[in-house]
Amino acid sequence: MNTATLSPEKDPMGTAIHEYFTKGRAGKLRVHSSQFDEDEIPVKTLFRSFTQMPSLEQEALQLASGKILDVGGGSGCHSLALQDMGKEVCAIDISPLSVETMKRRGVLNAQVANLFEPTFTDTFDTILMLMNGSGIIGKLGNMPAFFIRMKQLLQPNGSVILDSSDLKYLFEDEDGSFLIDLAGDYYGEIDFRMEYKNIQGETFDWLYIDFQTLSLYAAEYGFEAQLLKEGEHYNYLARLTRKQ
Ligand code: SAH
């Protein structure tokens with residue numbers, strides 16, 4: 001498990017977020033992957049307000065209760081919306097530039113920390129992982145470490161609320177059959193690399209996981225998985241509740 005934080009010279013997304021906040025506009029935040037064509041994240045969408053969020057995210061914020069951890073807070077959009085609702089939230093991010101932006105935008109408790117860094121030791125009632133939040137788990141092989149970590153950070157009966165997508169549709173043939181190599185790596189394991197102006201990020205692993213696979217791991221590690229809502233594009237919102 002990667003437990004590092006980012007230096008600004010290798011932080012394209014944090015730089016884009018910081019620039020958008022300080023200058024009111026930003027350039028192209030490019031996303032490269034060995035599995036997909038080049039794509040772009042409109043930096044403005046990282047600053048979405050509650051009303052601009054997809055309904056899946058709105059529901060996640062409404063369900064979050066008690067002391068909340070916003071994992072990978074980015075610009076702070078979710079933490080700010082939670083604060084507006086009168087909820088208590090701590091945002092963490094591996095990007096010091098994003099954390100600085102969150103603080104300047106009014107997030108009361110924002111810290112530079114990696115979710116998997118053992119020195120981060122607080123406990124929470126709800127852990128939020130949004131914008132394909134399962135991505136931070138990286139690879140399917142990290143699921144055991146992920147659940148062990150969630151047990152450390154969650155209060156008894158606490159829960160993780162996350163969104164993800166089943167990438168199965170990418171492998172769907174015209175006749176509706178699926179061309180998945182079951183002997184190969186799990187089909188939701190994607191590598192990404194970001195680029196913003198002259199700043200090149202390192203390649204990182206990002207996990208998209210189907211709900212059934214997530215439920216199987218959850219059950220094995222003492223969590224109950226609940227499908228809260230399905231989106232329009234094979235995406236969904238799930239809650240993982242700690243049973244012991
Ligand atoms: N939640 C925000 C940002 C999503 S992008 C939104 O929905 O707009 C993912 C964010 O997670 C980035 O800001 C990235 O720096 C952060 N991140 C990635 N890995 C992390 C980790 N292991 N621990 C904490 N934050 C992480």
Side-chain angles (χ1 to χ4, degrees), residues 5-33 36 38-64 68-115 126-136 161-165 192-201 204 206 208 229 231-233 235 237:
T5 53
L6 294 173
S7 64
E9 319 77 67
K10 291 196 168 172
D11 182 9
M13 185 186 254
T15 307
I17 284 176
H18 194 262
E19 267 192 29
Y20 188 87
F21 175 66
T22 51
K23 299 183 184 157
R25 64 193 149 78
K28 278 187 197 286
L29 178 58
R30 293 193 167 89
V31 184
H32 307 277
S33 167
F36 298 121
E38 185 182 315
D39 203 355
E40 197 188 308
I41 299 179
V43 181
K44 195 170 183 275
T45 64
L46 298 170
F47 285 78
R48 59 204 179 279
S49 64
F50 183 80
T51 50
Q52 294 166 333
M53 287 173 196
S55 62
L56 230 79
E57 293 187 0
Q58 292 179 343
E59 172 135 357
L61 298 182
Q62 273 152 353
L63 289 170
I68 303 163
L69 178 66
D70 178 8
V71 179
S75 81
C77 56
H78 296 120
S79 288
L80 290 170
L82 289 165
Q83 285 182 185
D84 284 348
M85 294 176 183
K87 300 187 184 188
E88 184 189 350
V89 59
C90 165
I92 56 167
D93 205 292
I94 53 173
S95 161
L97 287 169
S98 291
V99 171
E100 186 198 319
T101 306
M102 284 198 257
K103 287 183 176 161
R104 287 173 63 181
R105 292 184 77 210
V107 177
L108 299 171
N109 185 356
Q111 302 176 29
V112 179
N114 187 312
L115 178 66
T126 307
I127 297 182
L128 270 186
M129 298 172 71
L130 294 178
M131 198 170 155
N132 192 62
S134 68
I136 284 176
I161 298 179
L162 60 76
D163 62 348
S164 195
S165 299
F192 284 123
R193 187 173 59 76
M194 303 230 207
E195 180 184 8
Y196 180 74
K197 296 187 174 169
N198 59 345
I199 301 192
Q200 305 284 344
F204 58 93
W206 199 248
Y208 292 82
K229 201 176 171 79
E232 281 157 22
H233 208 64
N235 57 325
L237 183 71

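Residues take their numbers from the sequence shown, with the count starting at 1.
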Separation between NZ of Lys103 and OG of Ser79, rounded to the nearest 0.5 Å
12.5 Å

What orientation do Phe36 and Phe192 show, parallel under 30°, tilted 30 to 60°, or perpendicular over 60°?
parallel

To the nearest 0.5 Å, how far apart are CD in Glu9 and CG in Asn198?
11.0 Å

Looking only at atom types and distance, does a side-chain atom of Asp93 sit under 3.5 Å from a main-chain N or O of Val99, one as donor and one as acceptor?
no

Out of the candidates Arg193, Arg30, Lys10, only one should pair with Gln200 under the side chain to side chain donor-acceptor pair (under 3.5 Å) rule; please name it.
Arg193

Between Lys87 (side chain only) and Ile68 (backbone N and O only), is there a donor and an acceptor less than 3.5 Å apart?
no

Would you give the length of the straight line joining atom CD1 of Ile41 to atom CE of Met194, rounded to the nearest 0.5 angstrom?
4.5 Å

After noting the C-alpha distance and the side-chain angles of Lys28 and Glu195, does the key distance pass the side-chain contact (heavy atoms from CB on, under 4.5 Å) rule?
CA-CA 8 Å; Lys28 278 187 197 286; Glu195 180 184 8; over 6 Å; no

OG1 of Thr15 to CG of Leu29: how many Å apart, nearest 0.5 Å?
9.5 Å

Evaluate the criterion side-chain contact (heavy atoms from CB on, under 4.5 Å) for residue pair Met13 and Ser95; output intermediate values, then yes/no.
CA-CA 8 Å; Met13 185 186 254; Ser95 161; over 6 Å; no

On a heavy-atom basis, which atom in Gly27 and which in Val43 lie closest, and how many Å separate them?
O-CG2, 3.8 Å

Could you give the distance from CZ (Phe50) to CD (Gln62), rounded to the nearest 0.5 Å?
4.0 Å

Whether the side chain of Asp163 engages the backbone of Met131 through a donor-acceptor N/O pair (distance < 3.5 Å, no angle test) should be reported.
yes

Shortest non-hydrogen contact between Leu6 and Pro96, atoms and distance:
O-CD, 3.1 Å

Value rounded to 0.5 Å, distance of CD in Gln52 from OG1 in Thr45
9.5 Å

Residue pair Thr5 / Asn114: nearest heavy atoms and the distance that separates them:
CG2-N, 4.4 Å

Using the ring of each side chain (for Trp, its six-membered ring), is Tyr20 parallel, tilted or perpendicular to Phe47, with breaks at 30° and 60°?
tilted

Identify the heavy atoms of Ser98 and Gly74 that sit nearest to each other, and give their distance.
CB-O, 3.4 Å

Going through the checks in order, is the side-chain contact (heavy atoms from CB on, under 4.5 Å) test met by Met53 and Leu61?
CA-CA 10 Å; Met53 287 173 196; Leu61 298 182; 3.6 Å; yes

For Glu38, does the CD atom have more than 12 heavy-atom neighbours from other residues, nucleotides or ligands under 6.0 Å away?
yes

Trace of the side-chain contact (heavy atoms from CB on, under 4.5 Å) decision for Arg104 with His18
CA-CA 10 Å; Arg104 287 173 63 181; His18 194 262; 4.0 Å; yes

Heavy-atom closest contact (Leu108 atom, Gln83 atom, distance):
N-OE1, 2.9 Å

Backbone N/O of Ser75 and side chain of Arg105: donor-acceptor pair under 3.5 Å
yes

